[in-house]
Protein chains: 2
Amino acid sequence: MSNQAVIQHLESFIPLKGSEKALFGDRFVTRPVKRREKILVAGEVCKYYTFVVEGCFRMFGVDDKGFEHNIQFAAEKDWIADIGSFHTQKPSQLNIEALEAGLVLQIKQQDLYFLYKNIPKLNMIFKVLIELKYIELQNRVLQNFSSTAEQRYLSFLEQYPHLFNRLPNTQIASYLGITPEFLSKVRKNIQSNR
Amino acid sequence: MSNQAVIQHLESFIPLKGSEKALFGDRFVTRPVKRREKILVAGEVCKYYTFVVEGCFRMFGVDDKGFEHNIQFAAEKDWIADIGSFHTQKPSQLNIEALEAGLVLQIKQQDLYFLYKNIPKLNMIFKVLIELKYIELQNRVLQNFSSTAEQRYLSFLEQYPHLFNRLPNTQIASYLGITPEFLSKVRKNIQSNR
DNA sequence: CTCTACCCTTAACCTAGATTAAGAAATCAT
DNA sequence: ATGATTTCTTAATCTAGGTTAAGGGTAGAG
């Protein structure tokens, strides 16, 4: 069944009883996505909490000059959503786009709340999941303040080895908060200093 | 009883039963703090999850050049901790310092886990609390990438009206990721353009 | 297979914000 | 109250990274 991948992932935190697994029913919906397809478009409500089974996604905002800024990537076994919009059901300012063709499992607010209510331990799992993301984000804020673009690029390579050879540099630049041109300069520099 | 302030705050999310409140016992410990006192020192484990009853705190990291970077403020009815260090019980790289004399309630990992276990809905409350902080942090990352220092300063004033007249500009500058000198320039500019 | 759209690089020039230094103003502890 | 410590401001100079422009490379849809 399509839920299998999510359940397996959740059970890597805490095992679930058979009766609990049964509650998932068809609340998670399988959705294949094409390359470049957007599963969230700015201006619309973020209707789904998305689990990535296969593929690679980016969440980004667009500034007043039309420049895009990546705030998160998500690949296999990762979750992605504009949490603010998802919970308030108000329009999102963000976009989520597939960088590759892939497959996701999606759940609506009502259905996720149903699961939270009937499987209390899910609250704990999702608390842990978001704590992990929070820590990541906090480190990123700190790093953006205290490191040069070169240092940030190098630690991106270290921290996300499964991502960097899968993403175009232009996407990495956007994540680091620099222009592709400057990233190119940085890369050249690193090259010549080794 | 000293827990009163925390319980009242938690009940603003979901009411607790009398038997649940009883479980809090003396697990939260009252601690008065002096101005400049650190309740977390980099290199040590973050032993407590802290609820601010009164006062104002900053959490900050120090870079290799010795510059401090504020990553979060917390005033009345807010929570503060290095979540990563608290959960792993590994040394923190961050500091938490009182900007004013105040009063906090603190709980240790073991005791918080006890409450999570025996009052399942606490997981949900703390999930919501951290989700709110996550959203805040995400907006900050996006803003740092897409706005000038002036725009960021102005939205800080809007977003934290209860904080800006309480904090020295030098602390705000550190939060915005700029030098106090440049903030001074920015403020002068705003002044003359109105 | 190929052509079109994207991606990467280089280089010249430009700007937001950093650095340094120094004086004035505000605040704190005693 | 008062000296000591912080905080704020100004101004000159400097630099990380942005902007613009242009050529060559690569990969994906048909």
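On a predicted model such as this, the values are computed, not experimentally measured, just so you know. The basis for the numbers below is simple: all heavy atoms, side chains too, and nothing from hydrogens, waters or symmetry mates.
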**OP:** Using atom NZ of A:K34 as one end and atom P of D:dG30 as the other, report the distance to the nearest whole Å.
**Re:** 9 Å
Original post:
B:K185 near the nucleic acid: base, sugar-phosphate alone, or nothing, with a heavy-atom cut-off under 4.0 Å?
Top reply: base
**OP:** Tell me which nucleotide among D:dT20, C:dC7, C:dC8 gets nearest to the side chain of A:R36.
**Re:** C:dC7
**OP:** Quickly work out the A:Y153 OH to C:dT9 C1' distance and round it to whole Å.
**Re:** 13 Å
Subject >> Nearest-Å distance for atom pair CG/P, residues B:N169 and C:dT27 >> reply: 11 Å
Subject >> Sugar-phosphate, base or nothing in reach of A:T170, heavy atoms under 4.0 Å >> reply: sugar-phosphate
Subject >> Atom-pair distance (NZ on B:K65; C1' on C:dT19), nearest Å >> reply: 10 Å
Subject >> Interatomic distance, B:F182 CZ vs D:dC14 C1' [rounded to whole Å] >> reply: 14 Å
Original post:
Is there a donor-acceptor pair closer than 3.5 Å between any side-chain N or O of B:E37 and the backbone N or O of B:K34?
Top reply: yes
**OP:** May I have the distance from B:R35 (atom CZ) to D:dT6 (atom P), rounded to whole angstrom?
**Re:** 9 Å
Original post:
Under 4.0 Å between a Lys/Arg side-chain N and an Asp/Glu carboxylate O for A:R58 and A:E100?
Top reply: no
Original post:
Is there a donor in the side chain of B:Q171 and an acceptor in the side chain of B:N70, or the other way round, less than 3.5 Å apart?
Top reply: yes
Subject >> side chain to side chain contact (heavy atoms under 4.5 Å, CB included) between A:W79 and A:T50, intermediate numbers included >> reply: CA-CA 6 Å; A:W79 296 84; A:T50 298; over 6 Å; no
**OP:** Measure the distance from CZ on A:R166 to P on C:dC7 and round it to the nearest whole Å.
**Re:** 16 Å
**OP:** Can you figure out which of D:dG17, D:dA11, D:dG18 approaches the side chain of A:T179 most closely?
**Re:** D:dG18
**OP:** Tell me which nucleotide among D:dT19, C:dA21, D:dG18 gets nearest to the side chain of A:I178.
**Re:** D:dG18
**OP:** Give a yes/no answer on whether the side chain of B:R187 brings an N or O atom under 4.0 Å of OP1 or OP2 in D:dC8.
**Re:** no
Subject >> Donor-acceptor pair between B:S92 and B:D82 side chains, under 3.5 angstrom >> reply: yes
Original post:
Between C:dC6 atom P and A:L99 atom CG, what is the distance in whole Å?
Top reply: 14 Å
